[in-house]
Amino acid sequence: MTLRRHHNFQSHRKLTGKRTGSILLIVTGTLICLFMFAIGYARYLSQQSAMADRLNRRQKLGRMAEAVATLAAHKLQFSSQLQTSPALKAIFDYLAQPLSKFSQSREFELPLVEDATAHFSLLVEGLWQSAGFGDELQETITVVIARDDFSPSGPARDAYPLEKTGHIGLKINLKLVNADKIVSSADFTYSCPVRVTTVHAPVLSKFNLYIENAAVSGKEKEHAWNQVGVDQFGNFAETRSSASPLVLNNDDNQNLPVRSEFRSFVEAPRGLVYLGGSSRLFLNLARSDVMAPNADSGEGFQFFRNRGFDGFYPVAAASSPEAGRLLISFMDQGVSDDPDNRNTSFYNRILSGHFGRQQIEEGRMNLASIFRLFGTQGKPSPTLVLGHVYSAFLTIARLTGESGRKVNPPILDNLSYAPPMQPAPYYLSLIDEPEYADLKAAFNLDGSPASYLKYLTSYASRIRHRPYNQGLAFLLNQENPDAPLLFPTADPLSGFIRSSDHAGAHLIPAPFSTVFPGVADLSSLTKLLMPAVGQTRFSYSFQNNEGQSPLGLLAGQNLVSRGRLAQHGWVKFSHGIKIDRPLEYLSNAGIVVEKGDLIINAPVRPVPGREQSLLYLVTLDGNIIFDNSPEDTLQVACIAHSDDPNRGRIIFRRPPAAIRGAMAMKKLVRNVPEAAEFKGTRLTYFAPLAARPAGDTESSGDTELLSFSFSPFPQELR
């Protein structure tokens with residue numbers, strides 16, 4: 001037993017040792033496997049962590065890229081055409097070209113921070129810090145402009161080919177740099193819609209003043225515009241007149257000279273005038289003493305004056321057996337209601353006959369016209385006036401003998417033909433008096449009605465009229481009584497100077513006649529306006545209620561910044577609006593009201609430094625109403641349209657001191673009482689509106705009127 005147990009014991013020990021070695025081997029192998037797994041898992045976790053870190057960093061950089069793209073769009077939008085920024089200037093100069101000038105693709109670097117836009121450095125610094133980055137994050141922005149990403153737009157694409165819609169690309173590269181070593185780099189691409197428009201209405205913009213139908217009384221001969229009192233020196237007589245004049249400056253104070261060619265008026269940066277309708281308009285020229293060069297209302301520059309300030313010019317010469325050589329001369333003068341003897345002496349000679357009295361009464365010849373279409377004595381501003389428009393004035397006739405010999409009567413009155421016309425004397429009996437013997441013999445006059453008519457229309461003091469544009473002749477050379485002859489008969493301008501009834505009186509002048517091939521004349525505001533307010537021009541449209549603040553709605557779309565209008569391009573309101581607080585605008589812009597009135601009772605101007613920007617105001621079915629303080633000045637171009645006869649007017653409820661821009665409307669006043677109460681202002685033409693249509697080189701002159709509207713939220717392209 002003992003041996004057996006011992007044997008048995010011996011055998012157990014041997015068995016146990018073998019098992020222990022196997023377990024150690026297994027444990028060791030397991031540990032090795034676990035170690036290897038741990039290393040692999042650690043490596044996996046590290047890789048996963050690194051990948052997650054990279055993904056997190058990419059996502060973080062993606063959010064940063066989105067912010068950078070938004071900042072780039074805002075820089076383009078609100079710093080547009082900033083001439084002190086070389087980067088921006090290059091981009092906007094390129095976008096301002098016709099599409100035919102675009103390359104297939106063009107890239108421009110756009111630094112956020114530069115001297116011209118240093119304020120962006122604060123934005124970028126704050127953005128970096130809020131995201132946990134410092135100077136180690138660097139951005140590069142590239143603007144990509146591809147021709148195929150744009151299409152032409154605008155109301156007259158052949159004439160004004162600069163307008164276009166499309167999108168630009170924004171390539172954003174963000175780098176993380178540590179000790180000048182790039183730790184990470186990521187690229188992102190965004191698309192930013194852009195609309196390039198102009199703020200002008202082709203053809204209409206060429207006119208400083210356009211009135212589709214300027215008739216007031218509806219008569220064939222229209223005298224109702226003559227409502228304004230002036231004194232003998234040519235100053236507005238406020239105490240004697242309920243109406244005040246609308247004074248035009250047609251060349252933006254450039255003092256453009258008068259030339260004798262048609263093209264010098266329609267191709268120069270000068271606004272034209274159109275007073276339309278079938279009536280013939282007679283506008284009384286305002287008196288202005290020749291010694292009062294600063295008169296604020298007079299128009300003496302439209303008459304002949306020689307160096308000695310003698311306004312008489314010869315019209316007829318003949319010889320009398322007794323008196324010898326005789327000369328009849330005329331002196332022309334504007335009208336005035338001044339009771340001063342120097343003024344009334346002109347009227348006395350004309351009022352001496354029935355025909356003269358009738359002319360004075362029917363032509364309202366004591367009062368001057370509401371319009372100063374060529375400016376005033378102190379600031380003449382010649383232009384071309386289209387329509388059936390005449391100027392009316394007083395004429396005194398003088399009879400003189402050879403070598404200054406005195407003859408009688410020295411002044412030829414306007415005389416009546418026969419009783420009961422009052423007062424005496426009468427032509428029938430007077431022509432046989434000794435005082436008229438020399439006149440009768442020299443000019444073959446007798447007591448017949450035919451002789452009376454000859455005397456009245458050819459020799460007597462009377463009211464006369466002429467084509468309004470004939471005043472251009474005396475603006476060209478006031479010391480030449482035959483100044484109209486200085487205009488070449490072959491030039492179209494000659495026709496306007498010699499007649500107001502010729503074929504071109506209502507036609508769109510070349511080269512503007514090519515803008516809308518289907519519209520030949522100026523008689524329809526609708527045909528000229530509607531192409532300019534097409535939907536392709538609007539960046540925003542608002543469905544507003546009457547009385548709702550337009551600036552509040554604009555601010556909701558980030559189009560108002562610090563109280564300033566930061567709108568670029570055109571917007572439309574469905575109903576009438578009121579601008580009732582001072583408004584400054586940052587760039588060219590247009591506001592269109594679909595139905596209702598647009599009321600302005602505050603100054604509206606561009607911000608300082610952007611004086612060549614313009615705000616266009618248009619009503620499609622309403623009036624534009626100025627209700628301003630008398631010291632307000634505005635820089636706006638206005639178009640009032642409507643098919644309703646009570647709308648489509650520009651109304652000066654309380655006129656501002658001055659407007660720089662242009663005005664077009666259906667009517668200015670509806671009736672004679674409104675004309676009698678009309679309150680005018682000073683209207684200076686905004687010269688860039690005279691942009692000529694493109695020629696063979698596709699070069700149009702509307703670059704200054706361009707507006708660039710960028711979407712504030714670029715979209716990433718994945």
Side-chain angles (χ1 to χ4, degrees), residues 207 209-230 236-238 240-248 273-286 297 335 337 358-373 385-392 465 468 500 506 522-526 576 596-600 619-628 638-655 659 663-681 683:
F207 289 84
L209 177 65
Y210 171 103
I211 304 176
E212 180 186 278
N213 184 1
V216 179
S217 66
K219 296 180 180 178
E220 192 274 333
K221 288 185 177 181
E222 183 65 75
H223 299 281
W225 288 114
N226 303 311
Q227 302 284 349
V228 177
V230 295
F236 172 48
E238 185 175 3
R240 298 197 303 268
S241 174
S242 297
S244 57
L246 177 63
V247 180
L248 273 58
V273 171
Y274 177 66
L275 302 181
S278 58
S279 298
R280 291 190 293 167
L281 309 181
F282 291 85
L283 308 181
N284 296 345
L285 296 178
S297 192
V335 307
D337 58 344
Q358 185 179 21
Q359 281 188 307
I360 293 285
E361 181 180 353
E362 291 182 356
R364 302 180 58 83
M365 297 305 300
N366 286 310
L367 296 172
S369 163
I370 282 172
F371 301 113
R372 301 293 179 273
L373 300 180
V385 177
L386 290 93
H388 297 316
V389 186
Y390 301 81
S391 55
H465 66 268
Y468 198 93
S500 288
H506 296 274
L522 293 161
S523 63
S524 173
L525 176 64
T526 302
D597 296 336
L598 197 162
I599 303 172
I600 309 162
T619 58
L620 300 182
D621 187 14
N623 301 315
I624 294 178
I625 301 172
F626 290 95
D627 191 9
N628 294 83
C638 301
I639 302 178
H641 174 272
S642 180
D643 292 327
D644 185 328
N646 292 312
R647 297 185 170 196
R649 296 184 297 134
I650 294 179
I651 300 171
F652 293 100
R653 194 173 288 165
R654 288 187 305 157
I659 299 173
M663 298 194 309
M665 68 205 81
K666 284 276 192 174
K667 290 188 77 69
L668 184 58
V669 298
R670 293 172 295 185
N671 49 48
V672 176
E674 283 187 356
E677 299 296 325
F678 176 81
K679 300 297 183 184
T681 184
L683 175 63

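- R280 and E220 are joined by a salt bridge, as a carboxylate oxygen and a charged side-chain nitrogen come within less than 4.0 angstrom of each other.
- Residues L367 and D337 meet the side-chain proximity criterion, which asks for heavy atoms closer than 4.5 Å.
- Side chains of L246 and L209 form a contact here, defined as non-hydrogen atoms less than 4.5 Å apart.
- C638 contributes atom SG, which lies 8.5 Å from atom CE of M665 (distance to the nearest 0.5 angstrom).
- Using a 4.5 Å heavy-atom cutoff, the side chains of L285 and Y468 are in contact.
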(request) Start with the C-alpha distance between Y274 and H506, add both sets of side-chain angles, then the distance that settles side-chain contact (heavy atoms from CB on, under 4.5 Å), and finish with yes or no. (result) CA-CA 8 Å; Y274 177 66; H506 296 274; 2.7 Å; yes
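- Proximity of K666 to R647: side-chain heavy atoms (C-beta onward) are nowhere separated by under 4.5 Å.
- Atom OH of residue Y390 and atom CG of residue L281 lie 9.5 Å apart, to the nearest 0.5 angstrom.
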(request) Let me see the working for N366 and R240 under side-chain contact (heavy atoms from CB on, under 4.5 Å), right down to the final yes or no. (result) CA-CA 11 Å; N366 286 310; R240 298 197 303 268; over 6 Å; no
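- Distance check: E212 CD to H641 NE2 gives 7.0 Å after rounding to the nearest 0.5 Å.
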(message) Between V247 and F236, does the side-chain contact (heavy atoms from CB on, under 4.5 Å) criterion hold? Intermediate values first, please.
(response) CA-CA 11 Å; V247 180; F236 172 48; over 6 Å; no
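- In this structure, a donor-acceptor pair under 3.5 Å is present between the side chains of D621 and S642.
- Heavy atoms only, all atoms of each residue included: A224 and R364 are closest at CA-CD, 4.5 Å.
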(message) Test side-chain contact (heavy atoms from CB on, under 4.5 Å) on K219 and S279; report intermediate values, then the result.
(response) CA-CA 7 Å; K219 296 180 180 178; S279 298; 5.9 Å; no
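- Between the side chain of N213 and the backbone N or O of A215, at least one donor-acceptor pair lies under 3.5 Å.
- With rounding to the nearest 0.5 Å, the separation of CG in L668 from CD in E674 is 9.0 Å.
- Between R654 and the choices N628, T681, D627, the side-chain hydrogen bond (donor to acceptor under 3.5 Å, both in side chains) rule is met once, by D627.
- Rounded to the nearest 0.5 Å, atoms NE2 (H223) and CD (Q359) are 9.5 Å apart.
- Of all the heavy atoms in Y210 and L525, the pair that sits closest is OH-N, 3.4 Å.
- Qualifying side-chain contact (heavy atoms from CB on, under 4.5 Å) partners for I651, counting only residues two or more places apart in sequence or in other chains: N623, I625, R649.
- Aromatic ring pairs are classed by plane angle as parallel below 30°, tilted from 30° to 60° and perpendicular above 60°; the pair F282 and H465 is perpendicular.
- Looking only at side-chain heavy atoms (C-beta outward), V216 and F678 stay at 4.5 Å or farther from each other.
- Of all non-hydrogen atoms in S369 and V228, the two that sit nearest each other are O-CG2, 3.8 Å.
- Looking at heavy atoms from C-beta onward, L522 lies in side-chain contact with F207 at the 4.5 angstrom threshold.
- With no hydrogens or angles considered, no side-chain donor-acceptor pair links S241 and Q227 at under 3.5 Å.
- Not counting sequence neighbours, E238 has no partner by the salt bridge (charged side-chain N to carboxylate O under 4.0 Å, His left out) test.
- Judged by distance alone, with hydrogens and angles left aside, the side-chain atoms of N226 form a donor-acceptor pair with the main-chain N or O of N284 at under 3.5 Å.
- Using a 4.5 Å heavy-atom threshold, the side chains of L275 and L283 count as touching.
- Taking both residues in full, the closest heavy atoms of S242 and A676 are given as CB-O, 3.4 Å, listed atom of the first, atom of the second, then distance.
- Nearest heavy-atom pair across F652 and K679 is CB-O, 3.2 Å.
- Side chains of F371 and V389 form no contact here, defined as non-hydrogen atoms less than 4.5 Å apart.
- Residues I624 and I639 come closest through the heavy atom pair CD1-O, 3.5 Å.
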